[in-house]
Every structure is written in C-alpha cells, then in structure tokens.
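To keep things clear, I will list the structure first and then write my remarks on it.
Start at 1 with the first residue, then count along the sequence.
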Amino acid sequence: MKHDHRGVRRIAIALVAGSLATGALAGCSSKNQVPSIGYGVDAVIASYNGSSTLGANSGAAAVFSRVLTGFFYTGPDGQPVADTDVGTAKEVPGDAQTIQYRLNPEGTYSDGIQTSCDDLVLTWAARSGRFTKAGPGGPVPLFDAASTDGYRDIERVDCQPGSKDATVVFRPGKHYSSWKALFNASEMMPAHVVASQVKIPNVVTPVQTGDQPTLERIADFWNNGWKLTPGKLDLTLLPSSGPYRVDSFSDKDGLVLVKNEKWWGNQPKTPRIVVWDRHSDLKSKVSDNSVGVLDVGAGSLGEVGLGGFHKQNLPGRGVEQLVLGGTGVFGLPDARKAFALCVPRQALFDKFGHPEYDVKLGLGAGVLNSRTVQQDSLYYPAIAGAGDKYKGGDATASQAAASSGIGNQTVRIGYVKPDERRAAMVSAIADACKSAGITVVDAGAPDFTASQLTDGKVDAILGGTAGMPGPSGTLAATDAIAALRTGAGLNYGRWGNGRYDAIADQLAAEDNSTTVLNLLTEQENLLWGEMPSIPLFASPRTIAFGDGMENGIASPTRAGAGWNMDRWVLKR
C-alpha cells in the first residue's frame with residue numbers, strides 16, 4: 001500500500017496557508033468531477049529542460065514539476081519539499097559534504113526505462129561548469145546551464161550506470177547549505193534519451209572519463225534537443241518521471257498533459273491537464289471557460305472577469321525588477337545609478353506593487369531594497385538601508401544623468417507581451433525619466449526573450465527574478481543569487497564582480513548569523529554601488545481557482561499554482 005505523503009503535506013500546508021486554500025465542495029453529491037482542467041499560467045513554454053537557461057527563464061518549473069520529478073520540489077511557501085516517490089536523499093557524515101541519493105526501485109519513465117543515477121550524473125555534468133570547449137576569449141561552457149550554484153562545488157557523483165544509487169561528494173572545504181535545491185523537479189532530465197540520441201551506451205562513462213568529443217555531442221542535445229515548438233513534438237524525446245506526461249502541444253489546443261500510466265506513486269486525481277501559457281490569449285481562455293486555474297502577474301491581463309473563481313492577489317517570492325545590460329547605454333555603473341535615480345520605485349510600488357492587498361510587515365510590504373534577500377527575512381531590515389536613496393523620481397536624477405553621460409540617451413525596456421501592468425509600468429518610468437533627459441522606449445514584444453538583453457537588442461528587461469516573464473522565486477533565492485553571478489546563464493546583463501561571487505560562495509556555507517549579516521550588508525552595498533539591476537517590489541500574483549476546485553493551494557513561487565496539479569479535483 002502506497003503512503004499518500006502528499007496528502008499529509010497538503011493538510012499541513014493547508015493549515016499553514018489558511019486562506020490560501022480554496023473552499024472545497026466535497027460532499028456535494030449533485031456535482032460531477034470534471035475530467036480535464038485548464039491551467040492558465042503566464043510562463044512561456046519553450047523548453048522541456050528546466051536546467052537550461054531557456055527552460056529556467058521561460059518557466060519550466062511552473063509547467064513540468066509533476067511531469068519531470070526530482071528528489072525535491074518547490075512547495076507553496078517557496079521551500080524545498082522532499083518527494084519520496086522519487087527517492088530519498090540524506091546527508092551522511094564524512095570529511096567532505098556527502099549526500100546519499102537512492103532512487104525508488106519502482107521508478108520507471110513513461111517509456112518503460114528505469115530511472116537511474118545516470119540522470120544525476122547528467123544533471124551534474126551539465127550544471128557543474130566543469131566541461132568546456134575553446135572559445136574566442138578562452139574556454140566557454142559546453143552546457144547552456146541556467147546556473148552552476150551548488151553543482152560546481154560537487155567533486156564527483158559516484159554511480160554505476162543503470163544503478164538506483166548515487167553518492168554525491170562535494171569538493172574538500174566546500175559546503176552547500178541549500179543542497180536540497182539540487183536534483184529538483186523539472187531540472188533532472190532523462191539521461192537515457194540523451195544516450196539514445198547520441199548513440200552511446202550511457203552518459204556516465206564519457207562524463208567519468210572526460211571523453212571530449214562525446215561530451216560535446218551530449219551537450220549539443222542537452223542544449224537544443226528539448227526545445228518545444230507547438231505542433232512539432234517528438235514524444236519519444238519527452239518521457240515522464242511523474243504523474244503526468246506530455247501528450248500534445250499546439251497553438252489551438254494548448255499543452256496537453258495526460259495521466260502517466262507508468263507512474264508508480266499515487267495516481268493523479270484528474271486524468272488530463274491542459275496548460276495555456278502566456279501566448280494563449282489567457283483573457284479569452286478565461287472568458288470561454290477553458291481555464292479552471294489561473295496563475296498570472298497581478299494586473300497583467302487588465303480587466304478580466306473572474307466571476308466563478310475564488311481569486312486572490314498576493315505578493316510572490318519573485319522580485320519584480322529591471323535587469324540592466326552591461327554594455328551600450330548602461331556600460332558604466334554611473335549610468336546605471338543615474339537611471340535608478342529617475343525610476344520612480346516608490347510610485348511604482350504604490351500604484352502596481354500591492355494590488356488589492358496591503359501588507360504591513362514582511363513580503364510585499366513596501367519597495368523592495370534587495371535583489372536576493374526577501375522582506376520576511378530576519379536580516380532584511382538591517383541590510384535594506386542602502387537602497388533608500390533610490391526611491392526614484394529624484395530631483396537630482398537630471399544632474400546625475402548629465403554627469404553620467406546617460407542624459408539625452410534612449411533606454412529600451414523589453415518584456416513579454418501582452419502584459420498590461422508591465423506596459424503601464426514602462427510608461428510610468430518613461431514619464432518620470434523624461435525630466436532627466438532620458439527617453440524610455442517600450443520594447444515589449446510577444447516574442448521577447450531575455451537573451452535579447454545579452455545580444456544588445458534592448459537595454460533592460462522588466463520581469464521577475466532572473467528576468468523571468470511569469471512565476472519566479474524560491475525561499476532560498478537560488479535563482480536570484482545565480483542571476484548576478486559572473487558567467488551564469490541566468491545573468492542576462494552579463495555583469496560580473498569577483499567580490500560578489502566570493503560573498504555568494506561564503507554565504508552558501510555560512511551559519512554564523514553575525515557573519516551572515518556582515519556579508520549580506522557588504523553584498524547589498526556592492527550591488528547598489530554597481531546597480532546590475534533595480535529591484536522594485538515582490539512580484540504580485542493573481543491566483544484563482546474555479547468554484548468547485550478541491551486541493552487548489554496558491555504558490556506564488558517559480559513552481560506556480562501547478563506545484564500539486566496531480567491532486568486537483570474540479571466538481572461542477
């Protein structure tokens with residue numbers, strides 16, 4: 001008999017979440033369960049591979065967390081929650097930090113292939129930053145990984161190909177406190193698919209022997225083979241390790257997830273989920289009753305009728321922010337700081353930062369003065385002062401703009417359209433910066449991608465944590481920290497600072513609160529001095545569950561409302 005650990009968690013979370021749980025209509029015998037639920041979310045379905053830069057930025061965690069499972073997943077408060085259906089992970093004593101991973105003996109992909117430690121080896125190889133090739137300016141990573149945080153500190157992953165056991169050993173002297181953020185849902189990819197595509201027996205041997213030509217072929221598939229285009233799916237490349245599997249993807253019918261018959265855990269309560277992403281005209285999907293669950297940036301759809309839904313607006317774990325380019329108009333810190341002086345951060349928060357809620361303390365309470373520390377952190381009040389001089393709309397902005405050389409310049413701000421709130425925010429920024437002689441241009445587009453900042457096609461991104469267009473953020477802020485690290489995939493502005501990297505490394509292992517406070521204070525001062533991005537406020541989310549929904553629990557994190565979609569029941 002399988003233990004319904006998710007049921008226990010759900011009850012616990014519901015008690016904690018209080019008002020976050022929707023009113024259940026259990027016991028209404030006159031109502032019938034709906035066999036298919038539409039999930040509208042402002043992610044951009046672009047890649048199956050949530051470990052890649054494209055997958056992480058586009059919102060794979062909000063779509064595929066119950067398709068590609070991991071040892072942990074992001075729970076509704078942003079915390080890592082163990083998924084014991086997948087396997088167990090425990091820290092074991094030793095000189096070096098060591099984690100013992102044991103996959104469930106029953107674990108089988110939807111194509112019949114067993115889950116194995118090969119999947120961990122592939123994930124580590126792709127995200128360690130260790131495997132490189134010659135580039136014009138020196139070695140470049142083979143894998144286009146979103147982040148190497150945690151993984152680059154791993155010395156090796158001991159694994160016999162095909163085995164259910166893996167031992168992860170960290171480098172001597174390295175310790176990664178947030179190790180539960182590793183090998184996570186939506187981020188652990190099927191290694192057997194790569195082996196089959198590259199025509200090798202397994203991926204473990206070339207990783208362990210450093211077989212460069214084979215590693216280059218593995219990386220090429222890992223980077224490109226899992227990109228998703230509507231109407232052009234090869235389902236043999238998309239096996240599932242979770243309760244749902246991908247069935248089809250088209251502009252007309254959305255991304256269809258169906259029950260995975262090979263899933264060994266508790267069966268999903270609803271056999272079919274249809275995901276409608278940001279490109280699906282979510283407004284019309286709501287009005288024609290195609291959507292039973294909606295998770296979008298508050299105000300992004302403008303006036304949308306949510307009668308028949310239990311709706312709430314709440315502050316998210318993501319940071320609504322402007323990510324600035326490191327070249328062109330923003331090539332110098334003084335230019336970035338001058339722009340920050342004219343961005344009306346307080347006015348933006350007042351108008352857009354807390355729709356239909358007013359938080360006095362903690363997450364969502366006021367302008368956010370940190371990119372990596374959240375407002376409900378005990379450290380936040382002590383370190384937030386460095387941002388106070390950048391409330392915005394400052395009379396000295398014009399003077400600063402003139403002296404920095406940014407006056408009479410044009411700043412192009414990109415974001416994924418349609419998004420009515422972000423469009424209005426860009427307009428407000430343009431009005432405020434006009435007096436400083438800075439022309440702000442709305443460069444939002446339906447096909448906007450964060451890489452356009454890297455390519456110099458825009459000067460700033462308006463988005464969530466790491467420039468994400470939809471759900472973002474976790475309690476450990478791993479994506480937020482990585483997005484500022486030299487060379488990280490999620491660092492689209494390509495800013496780099498050795499001292500920031502060193503502080504981030506030290507914080508990853510530090511548990512002395514005085515040392516943590518001192519490091520965080522130094523980090524904030526450095527970031528406000530360099531201004532790689534301008535934090536605005538905790539990203540406000542609108543999460544709505546259709547009347548008659550059971551087990552809908554809001555998650556204003558990168559995992560979105562779909563974090564427990566396999567428990568959803570909609571009765572009508």
> Side chain of D144, backbone of T53: donor and acceptor closer than 3.5 Å?
Replying inline: no
> With a cut-off of 6.0 Å (strictly less than), are more than 12 heavy atoms of other residues, nucleotides or ligands near NZ of K391?
Replying inline: yes
> Do the charged groups of R171 and D153 touch, with an N to O distance under 4.0 Å?
Replying inline: no
> Do any N or O atoms from the side chain of N313 and from the backbone of E356 form a donor-acceptor pair under 3.5 angstrom?
Replying inline: no
> So F170 and W179, ring-ring contact (aromatic ring centres under 6.0 Å, His included) or not? Walk me through it.
Replying inline: CA-CA 10 Å; F170 284 74; W179 63 269; 8.7 Å; no
> Does R317 pair with D479 as a salt bridge, N-O distance under 4.0 Å?
Replying inline: no
> If you count the non-hydrogen atoms of other residues, nucleotides and ligands that lie under 6.0 Å from NZ in K180, is the total more than 12?
Replying inline: no
>> Please give me the minimum heavy-atom distance between M531 and A340, naming the atom from each residue.
In response: CE-CB, 3.6 Å
> Quick check: does any side chain N or O of Q321 sit under 3.5 Å from a backbone N or O of G463, one acting as donor and the other as acceptor?
Replying inline: no
> Between W528 and N369, is there a donor-acceptor pair closer than 3.5 Å when you use the side chain of the first and the backbone of the second?
Replying inline: yes
>> Ignoring hydrogens, what is the shortest heavy-atom contact between S58 and A43? Give both atom names and the distance.
In response: O-CB, 3.4 Å
>> Using 0.5 Å steps for rounding, measure from the CG atom of L453 to the CD1 atom of I413.
In response: 11.0 Å
> How close do W563 and T74 get, heavy atom to heavy atom, and via which atoms?
Replying inline: CB-O, 3.9 Å
> Is a salt bridge present between D358 and K360, judged by a nitrogen-to-oxygen distance below 4.0 Å?
Replying inline: yes
>> Using modelled atom types and a 3.5 Å cut-off, is there a donor and acceptor pairing between side-chain atoms of D442 and backbone atoms of G444?
In response: yes
>> Please evaluate residues R336 and D459 with respect to the criterion salt bridge (charged side-chain N to carboxylate O under 4.0 Å, His left out), reporting the C-alpha separation (whole Å), side-chain torsions for both, the decisive distance (0.1 Å), and the verdict.
In response: CA-CA 10 Å; R336 300 193 291 268; D459 307 297; over 6 Å; no
> Just how far is it from atom OG1 of T98 to atom CD1 of I154, taken to the nearest 0.5 Å?
Replying inline: 10.5 Å
> Have S300 and D419 got a donor and an acceptor in their side chains that come within less than 3.5 Å?
Replying inline: no
> Would a 4.5 Å heavy-atom cut-off, applied to side chains only, mark N57 and P469 as touching?
Replying inline: yes
>> Could you check, using the six-membered ring where one of them is a Trp, whether W495 and Y500 have ring centers closer than 6.0 angstrom?
In response: yes
> Is it the case that D350 and Q346 place a side-chain donor and acceptor less than 3.5 Å from each other?
Replying inline: yes
> Do you know the tightest heavy-atom contact between P556 and P76?
Replying inline: CD-O, 3.6 Å
> Under 4.0 Å between a Lys/Arg side-chain N and an Asp/Glu carboxylate O for E320 and R422?
Replying inline: yes
> Closest heavy-atom contact between T557 and G75?
Replying inline: CG2-O, 3.8 Å
> Just by distance, do the side chain of S51 and the backbone of N49 share a donor-acceptor pair under 3.5 Å?
Replying inline: no
> Which distance, rounded to the nearest 0.5 Å, do you find between the OG1 of T454 and the OH of Y492?
Replying inline: 7.0 Å
> Is there a side chain to side chain contact (heavy atoms under 4.5 Å, CB included) between V329 and I438 once you walk through the steps?
Replying inline: CA-CA 11 Å; V329 68; I438 300 168; over 6 Å; no
> Can you tell me how far OH of Y151 sits from CG of L120, rounded to the nearest 0.5 angstrom?
Replying inline: 8.0 Å
> Is there a donor-acceptor contact under 3.5 Å from the side chain of T84 to the main chain of G87?
Replying inline: no
> If you measure from the Lys or Arg side-chain nitrogens to the Asp or Glu carboxylate oxygens, is any gap between R558 and E187 under 4.0 Å?
Replying inline: yes
>> For S404, is there any backbone N or O sitting under 3.5 Å from a side-chain donor or acceptor partner on D334?
In response: no
> Are any side-chain N or O atoms of R66 and backbone N or O atoms of N564, one a donor and one an acceptor, separated by less than 3.5 Å?
Replying inline: no
> If you take all heavy atoms of S186 and M189, which pair is closest and at what distance?
Replying inline: O-SD, 4.4 Å
>> Please check: side-chain N/O of R494 versus main-chain N/O of G325, any donor-acceptor pairing under 3.5 Å?
In response: no
> Can a donor-acceptor pair be found between the side chains of D149 and Y176 at a distance below 3.5 Å?
Replying inline: no
> Quick one: are the ring centres of Y390 and F339 less than 6.0 Å apart?
Replying inline: no
